Amino acid sequence: MKNLSSRLSHDLSDRILIGCFAPVVMLVTGIIVAFAYTWKPRSVVDKVVDVLLFEAFFAAFCLCGLAFIWAIATPRWIEKLTLDHAARTIVSLVLFGVGLCAALAVVLVLG
């Protein structure tokens, strides 16, 4: 993941694009998170889908918030956080996704 630092662009046009695009994505994901938070699931499968929706879109919402801060101020702590934890985050997300898919498959087969 050391090559990621060379791909992080500090170019003004990239920062303007991210700064304009991130709030739009935050608005959309925030609306979906609000819907997922107020939705009352009726079955176990609905509850699994509810958790999946909430976690995925809340993570996207937080990521867009960090991208917006990075586009405006470009603090080094966000880049350090991204570079230090990118590989662990990807592995965690893959393992979480595999576990969630297995749990959903068990619920669908048994329930």
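Predicted model, so just to flag it, every value in this text is computed and none were measured.
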Just distance, no hydrogens or angles: give the donor-acceptor pairs under 3.5 Å from side chains in residues 52-67, sequence neighbours left out.
none

Determine all donor-acceptor pairs shorter than 3.5 Å in which one atom belongs to a side chain in residues 19-34; sequence neighbours excluded.
unit_1, atom_1, unit_2, atom_2, d
Thr29, OG1, Val25, O, 2.9
Thr29, OG1, Met26, O, 3.3

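- Taking Ser43 as the reference, Val45, Asp46 meet the side chain to side chain contact (heavy atoms under 4.5 Å, CB included) condition, with sequence neighbours excluded.
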